[in-house]
Amino acid sequence: MIQKYHYSNILPRLNKHFLGFYLDERLVGVVTLGWGTRPLHTIQKIFPSLKTEDYYEIGRMCMSEDMPRNSESQMLSQTIKWIKNNCPDIKVLFTWADGMVGKPGYVYQGSNFYYLGYIWTDMYMKNGIKLHPRQTKQFFSQDSKDKRLTCRPTFEQQQEAGIQHYKGKQFKYLFFTCNKREKKRLMKECNEMLSRKYPKEDDLEWKIQVGKGKWEKCERPPYLTDMNSESENLIGLVKKQKNLCRQQDDLYRKK
């Protein structure tokens, strides 16, 4: 379902729950709950007193294309209800809207999530295939003893390999699933500005690297899909070491 309807063809590593949503016994939507690549860092940057077990992050959310308008908002509402009924220790539901691919987060806005601002994120791309910075090590590491978590290509390496380096915005959203007393406490503690002044399409921005330390504004990157075992043969890059990607993922999870 996710492979068919979500724009990304890969899943986050840390998945706790896969929720399916049905209409007349037909699966029409999916939401995955878990954590991103740095769970503790993510939540404590916002709420210093919270830990990984205090929140979930929406990893993937998708719905069949024939569903009517506002169906995703209904799915989010049911997700929140499910969390409250089945995971009473979860206090916060966190998520990102990927402005890099043109999504300011309208579904979260329509579901009354709080907006926490944005970060600039990187995207390496070749032939429309997205390379996550963690995936670049298998192509650009110095040797098998290279212990760096990421091996980002230099501008010269990008030019030689035909890779484009983009920057774009990712928007942060959250919803409190805890009781009113705990919500009040967390709102006072929060290190981010909680707002319902939401970003729109005019707030989407992209930059492309045109030289060492030089960036220019550009149109939305020509993204097709993420790199996985099926799409890596389309990217036209040679791996330096067969098992380097797996070693990289193991190191990252341990960190």
Side-chain angles (χ1 to χ4, degrees), residues 7-8 12 14 16 31-61 70 72-84 87-123 132-134 166-208 215 217-218 220-221 223 255:
Y7 65 87
S8 174
L14 304 175
K16 186 70 174 179
V31 174
T32 72
L33 301 175
W35 303 277
T37 53
R38 302 178 67 189
L40 186 60
H41 171 84
T42 297
I43 196 62
Q44 289 194 340
K45 188 175 181 181
I46 306 170
F47 304 107
S49 68
L50 295 189
K51 298 181 179 180
T52 303
E53 57 266 28
D54 294 319
Y55 85 107
Y56 280 143
E57 181 175 331
I58 295 176
R60 293 289 181 264
M61 181 174 69
N70 298 325
E72 286 189 330
S73 294
Q74 294 178 45
M75 184 166 64
L76 266 180
S77 176
Q78 291 299 311
T79 299
I80 292 166
K81 183 178 179 180
W82 185 89
I83 292 173
K84 289 181 177 181
C87 309
D89 293 332
I90 296 298
K91 300 176 181 180
V92 172
L93 179 61
F94 176 77
T95 190
W96 297 91
D98 195 351
M100 183 70 84
V101 296
K103 297 180 179 293
Y106 290 139
V107 64
Y108 305 119
Q109 298 172 18
S111 298
N112 213 29
F113 275 56
Y114 284 98
Y115 172 59
L116 286 82
Y118 65 88
I119 64 168
W120 284 94
T121 187
D122 292 284
M123 174 191 284
H132 191 280
R134 294 197 313 278
Y166 294 94
K167 287 185 180 290
K169 292 180 179 179
Q170 275 193 322
F171 304 99
K172 296 181 285 187
Y173 291 90
L174 70 79
F175 193 97
F176 291 101
T177 57
C178 54
N179 59 46
K180 291 182 179 179
R181 182 177 179 179
E182 181 66 0
K183 176 182 176 181
K184 186 176 181 180
R185 183 189 75 80
L186 290 173
M187 291 185 75
K188 288 182 178 180
E189 178 188 298
C190 186
N191 287 330
E192 307 278 357
M193 182 176 292
L194 297 170
S195 169
R196 288 199 172 98
K197 185 178 180 181
Y198 298 126
K200 304 299 179 185
E201 288 188 12
D202 290 344
D203 297 299
L204 298 171
E205 287 185 76
W206 301 276
K207 301 175 185 178
I208 186 171
W215 297 83
K217 287 188 176 181
C218 65
R220 176 178 165 184
Y223 169 87
K255 183 178 178 66

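Starting from 1, each residue takes its place in the sequence as its number. Values in this document were obtained by computation on a predicted structure and should not be read as measured data.
- Remark: the backbone N or O of Pro199 is paired with a side-chain donor or acceptor of Gln109 at under 3.5 angstrom.
- Residues Gln78 and Lys81 have side chains in contact (heavy-atom distance under 4.5 Å, counting atoms from C-beta outward).
- In this structure, the separation between CD1 on Ile58 and CG on Leu93 is 4.5 Å, given to the nearest 0.5 Å.
- Surrounding NZ of Lys167 are more than 12 heavy atoms belonging to other residues, nucleotides or ligands, all under 6.0 Å away.
- Side-chain contact between Met75 and Val107 is absent, with no heavy atoms from C-beta onward closer than 4.5 Å.
- Few gaps surround NZ on Lys84; more than 12 heavy atoms of other groups in view lie less than 6.0 Å from it.
- Nearest heavy-atom pair across Phe47 and Cys190 is CE2-CB, 3.6 Å.
- Rounding to the nearest 0.5 Å gives a distance of 9.0 Å between NZ of Lys103 and OH of Tyr108.
- With hydrogens and angles ignored, the 3.5 Å screen pairs no side-chain donor or acceptor of Asn70 with any backbone N or O of Ser73.
- Between Phe113 and Phe175, the two ring planes are tilted [angle within 30° to 60°].
- In Arg196, the CZ atom is crowded: over 12 heavy atoms of neighbouring residues, nucleotides or ligands sit closer than 6.0 Å.
- With hydrogens and angles left out, the side-chain atoms of Glu57 and Thr42 include no donor and acceptor closer than 3.5 Å.
- Residues Leu204 and Tyr118 are not in side-chain contact: their nearest non-hydrogen atoms beyond the backbone lie 4.5 Å or more apart.
- Taking all atoms of both residues into account, the shortest heavy-atom contact from Gly99 to Phe171 is CA-CE1, 3.9 Å.
- Interatomic distance, Tyr114 OH to Phe94 CZ, rounded to the nearest 0.5 Å: 16.0 Å.
- In this structure, Asn191 and Pro48 have side chains that are in contact, with non-hydrogen atoms separated by less than 4.5 Å.
- Counting only distance, with no hydrogens or angles, the side chain of Thr32 and the backbone of Arg60 share a donor-acceptor pair below 3.5 Å.
- Using a 4.5 Å heavy-atom cutoff, the side chains of Met100 and Trp206 are in contact.
- More than 12 heavy atoms of other residues, nucleotides or ligands lie within 6.0 Å of NZ in Lys200, so this atom counts as buried by the packing criterion.
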As a quick check of understanding, evaluate side chain to side chain contact (heavy atoms under 4.5 Å, CB included) for Val92 and Leu186, giving each step before the final call.
CA-CA 10 Å; Val92 172; Leu186 290 173; 4.2 Å; yes

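- In this structure, CG on Leu194 lies 9.0 Å from CD1 on Ile46, to the nearest 0.5 angstrom.
- Using a 4.5 Å heavy-atom threshold, the side chains of Phe176 and Met187 count as touching.
- A side-chain donor-acceptor contact under 3.5 Å links Glu189 to the backbone of Ser49.
- What you find for Leu14 and Gly36 is that their closest heavy atoms are CD1-O, 3.5 Å.
- Pairing each heavy atom of Lys169 with each of Asp203, the nearest pair is NZ-O, 3.1 Å.
- The OH atom of Tyr55 lies 11.5 Å from the CG atom of Leu174; values are rounded to the nearest 0.5 Å.
- Under a 3.5 Å cut-off, the side chain of Tyr166 and the backbone N or O of Arg220 do not form any donor-acceptor pair.
- In this structure, Trp35 contributes its side chain and Lys16 its backbone to no donor-acceptor pair below 3.5 Å.
- Within the model, atoms NZ of Lys45 and NZ of Lys172 stand 5.5 Å from one another, a figure rounded to the nearest 0.5 Å.
- Side-chain contact between Leu33 and Ile90: absent, with no pair of heavy atoms (C-beta onward) separated by less than 4.5 Å.
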